[in-house]
Amino acid sequence: MAFVLRCLSTFVLAVLVLVGCSRSHPGPPNLPAPSQSTVVGPGDLFEVSVLGEKDLPKVFRIQPDGSVDFPYIDRLMVAGLEPQQIEEAIKKALVDRKILSNPQVTLVVTQYNSKKVSIVGAVQKPGSLPWTEGMKLVDAISLAGGLTSLADGDHVLVTRVLPGNRTVTAAVSVDDITDGRLSDVPLQAGDTIKVGQRVF
């Protein structure tokens with residue numbers, strides 16, 4: 001009887017090992033490339049440098065009405081504009097008001113608070129994260145405090161909104177990304193990341 005039980009235990013263990021080894025990992029995600037729109041909106045932060053004007057404020061937050069108050073220009077509507085368009089608008093306003101004849105303006109968006117990435121499920125801090133240009137899947141998970149001990153890092157779902165209000169969802173193995181077997185996944189504003197729990 002003891003011999004039969006030992007054999008049965010060995011068989012069950014072998015089956016469990018085979019099941020674990022045969023678990024499939026999702027391949028490269030079938031997601032469309034992220035849209036590259038970098039238009040700004042209310043709540044976004046950007047830094048402006050005007051060559052030779054060190055006393056000007058550098059950091060600006062876009063107000064709820066889509067405007068910023070810029071020195072010598074007063075109110076400037078910027079919501080819905082690309083960073084390069086805001087640079088041109090500041091240059092033109094400084095010239096039109098005869099503040100500077102040939103201003104050299106550089107603008108960098110430091111935080112897109114109007115653009116969000118949502119992350120739900122088995123992460124330490126689920127919720128909405130500000131999207132930043134170049135953000136990738138592992139970045140978002142790190143900002144959410146990382147995966148929990150019960151997270152299924154092999155099957156993380158990324159849902160993306162496409163033109164026409166269509167959506168597409170792909171399974172991604174974050175474990176493969178962190179182990180260097182798969183490239184990280186670039187995110188676009190509006191993406192939703194869902195991290196499920198492992199099934200025992």
Joint hydrophobic cluster, Val105 plus Met77, side-chain heavy atoms closer than 4.5 Å: no
Picking from Asp152, Thr178, Ile141, what satisfies side chain to side chain contact (heavy atoms under 4.5 Å, CB included) with Leu147? Ile141
Identify whether Tyr72 and Ile90 are in the same connected component of the hydrophobic contact network (ILVMFWY, side-chain heavy atoms under 4.5 Å). yes
Test side chain to side chain contact (heavy atoms under 4.5 Å, CB included), reference Arg61, set Asn113, Asp44, Val68, output is Asn113
Determine whether Leu162 and Leu187 fall in the same hydrophobic cluster, where Ile, Leu, Val, Met, Phe, Trp and Tyr are linked whenever their side-chain heavy atoms lie under 4.5 Å apart. yes
Per the side chain to side chain contact (heavy atoms under 4.5 Å, CB included) rule, which among Ile62, Thr110, Val108 passes with Phe46? Ile62
Hey, quick one: are Leu143 and Ile193 part of the same hydrophobic cluster, counting side-chain heavy atoms closer than 4.5 Å, chains of contacts allowed? yes
Over all heavy atoms of both residues, which pair between Gly190 and Val161 is shortest? Give the atoms and the distance, please. O-CG2, 4.5 Å
Grouping I, L, V, M, F, W and Y whenever their side-chain heavy atoms are under 4.5 Å apart, do Val48 and Leu56 come out in a common cluster? yes
How close do Trp131 and Ser37 get, heavy atom to heavy atom, and via which atoms? CH2-O, 4.2 Å
For Thr159 and Thr169, which I'm curious about, is there any donor-acceptor pair between the side chains at under 3.5 Å? yes
Basic-acidic side-chain contact under 4.0 Å: Lys136, Asp184: no
Does a side-chain heavy-atom distance below 4.5 Å link Phe60 with Leu45? no
Any salt bridge linking Asp65 with Arg75? Criterion: basic side-chain nitrogen under 4.0 Å from a carboxylate oxygen. yes
